[in-house]
Amino acid sequence: MAGCSGRAEGGKDGLGWARRRPHSWHCSIEGAAYHSPPPPMDRRPHGSGRMDGQRALDLMPLLQERLVILTGGRDRRGGPVLSFPASPRRERAKPEDYKRLLQYLMAIPNDECRSLGFTVLVDMRGSTWSTVKPILKVLHEHFPPGAVHQALIVKPDNFWQKQRTSLGSHKYKFETNMISLEALPKIIDTSQLTSDLEGTLSYDHSCWLETRKAVEEFSWQASDLLDRLDDLQEDLARNDFAEDVSGAKHKIDLHNEMRNKIKKVPLEDVDML
C-alpha cells in the first residue's frame with residue numbers, strides 16, 4: 001500500500017506490498033487472488049523463515065464470526081477504521097478472541113496508516129454496555145499508546161444518561177466517545193462507512209476472507225521460492241575445489257543434484273514478481 005489515500009484495503013493501493021519481498025504475513029492486503037501450485041500447508045518456509053505471524057487461515061473460525069472487520073474505510077484524518085458490527089455473537093466472545101483478531105487485523109495496514117492510529121467503531125445497537133467493555137479493555141491492555149486514536153461507540157436510541165456518564169469515568173489510552181448514527185459522518189464520511197451504518201462503502205466479508213487467503217498463500221509460496229533461490233545462489237557462489245578423485249566425484253554429485261533442483265524451479269512464477 002503506497003499510502004493512506006486508498007479508500008478500501010482491496011483497492012489499487014492494496015497490492016503495493018506484493019512488489020517487495022514479504023517479511024511478515026502482516027502486509028498491506030487484499031489485492032487479487034493469485035494461483036500457483038500450492039505446497040503442503042503445514043510446511044514451514046525454507047531458509048531464513050521470513051513468513052512469521054498469523055495468517056487468515058489460522059484464524060478462520062474467528063474471522064468468520066465477523067466480530068471485527070477491516071473494511072478499508074478511513075476516518076476524516078486518513079486513519080484506518082476498525083469496525084465491530086452489531087452482532088449477537090458478541091455475547092459469547094472471549095477477550096482472548098478479541099486479542100488474536102485485533103493483533104492480526106491491526107497489523108494489516110502499512111506503517112504510514114498505522115502511525116495515524118485506528119478509529120475503532122463499535123456498534124452497540126442491539127447489545128449492552130457489558131459486551132463493549134471487554135473490547136475496550138483488550139485495546140487498552142494489549143496495544144501501545146497511539147495504536148488507537150479514538151473509540152467511537154454507536155449508541156442505541158434508548159441509551160441512558162447514567163450509562164454515558166459511566167463511560168466517561170473509565171481511563172483508557174485513547175479517547176472514547178458515545179456517538180449517534182446521525183453524528184457519525186462528522187468523523188467518518190459516509191463513503192467510508194458500510195451499509196449497516198448508513199454508508200456507501202462496499203464490503204463483502206466472505207469475499208474479503210477468500211481474497212486474503214489467496215494473497216497470503218501467494219506470498220507464502222513466493223517467499224519460500226525466494227529463500228530456495230537464495231540458498232542455490234549461495235551454493236553456486238562457492239569456489240572450493242576437490243583435492244582428490246573422491247572429492248571430485250562428490251563435487252560432481254553435488255553439481256548434478258543442484259542442476260536437478262534448478263530444473264524444478266517454476267520460473268514462470270518468478271516472472272510474476
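Atoms considered below: every heavy atom in the structure, side chains included; atoms not considered: hydrogens, waters and symmetry mates.
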Quiz item: Is it true that a side-chain atom of R66 and a backbone atom of H205 form a donor plus acceptor pair closer than 3.5 Å?
Solution: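 A pair under 3.5 Å: no.
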Self-check item: Donor-acceptor under 3.5 Å (S83 side chain, P85 main chain)
Solution: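 Checked: no pair found.
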Taking only residues two or more places apart in sequence, or in another chain, which ones meet [X] in a side-chain contact (heavy atoms from CB on, under 4.5 Å)?
{"X": "S180", "value": "K155, E182, A183"}
{"X": "E257", "value": "L254, K261"}
{"X": "N256", "value": "I252, R259"}
{"X": "S127", "value": "R90, M124, T131"}

Quiz item: Tell me the salt bridge (charged side-chain N to carboxylate O under 4.0 Å, His left out) pairs involving residues 187-209, sequence neighbours left out?
Solution: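 Residue pairs passing salt bridge (charged side-chain N to carboxylate O under 4.0 Å, His left out), neighbours aside: R76-D189.
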Side-chain donor/acceptor pairs under 3.5 Å, residues 142-151, sequence neighbours excluded:
from: Q150; atom 1: NE2; to: T119; atom 2: OG1; distance (Å): 3.2

Quiz item: Step by step, would you call D224 with R228 a salt bridge (Lys or Arg N to Asp or Glu O under 4.0 Å)?
Solution: CA-CA 6 Å; D224 182 50; R228 290 172 181 271; 3.2 Å; yes
Exercise. Look up atom CD in E216 and atom OG1 in T211, then write down how far apart they are to the nearest 0.5 Å.
Key: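 E216 CD to T211 OG1: 11.0 Å, rounded to 0.5 Å.
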Quiz item: In Å and rounded to the nearest 0.5 Å, what is the CG to CG distance from D75 to L116?
Solution: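 D75 atom CG to L116 atom CG measures 8.0 Å (nearest 0.5 Å).
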For the residue pair [X] and [Y], what are the closest heavy atoms and their distance?
{"X": "G72", "Y": "Q192", "value": "O-OE1, 4.1 Å"}
{"X": "S191", "Y": "T200", "value": "CA-OG1, 3.3 Å"}
{"X": "R77", "Y": "G117", "value": "NH2-O, 2.9 Å"}
{"X": "P80", "Y": "C113", "value": "CD-O, 3.4 Å"}
{"X": "W208", "Y": "L70", "value": "NE1-O, 3.5 Å"}
{"X": "T190", "Y": "P185", "value": "CG2-CG, 3.8 Å"}

Using the test side chain to side chain donor-acceptor pair (under 3.5 Å), find all partners of [X] that sit at least two apart in sequence or belong to another chain.
{"X": "R125", "value": "D123"}
{"X": "S115", "value": "none"}
{"X": "S195", "value": "none"}

Enumerate donor-acceptor pairs with a distance under 3.5 Å from any side-chain N or O in residues 92-101 to protein atoms, sequence neighbours excluded.
from: R92; atom 1: NH2; to: E65; atom 2: OE1; distance (Å): 3.3
from: D97; atom 1: OD2; to: K94; atom 2: N; distance (Å): 3.2

Quiz item: Hey, what else clusters with I188 if you join Ile, Leu, Val, Met, Phe, Trp, Tyr whenever side-chain heavy atoms sit under 4.5 Å?
Solution: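 Its cluster partners, ordered by chain and number, are V81, L121, L152, V154, I179, L181, L184, I187, L193, L197.
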Exercise. For K213, enumerate each residue passing the salt bridge (Lys or Arg N to Asp or Glu O under 4.0 Å) test, keeping only those at least two apart in sequence or located in another chain.
Key: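 Scan of K213 (salt bridge (Lys or Arg N to Asp or Glu O under 4.0 Å), adjacent residues dropped) gives E210.
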Quiz item: Between M106 and L82, is a side chain to side chain contact (heavy atoms under 4.5 Å, CB included) present by the stated rule, with each step listed?
Solution: CA-CA 8 Å; M106 292 176 70; L82 194 64; 3.7 Å; yes
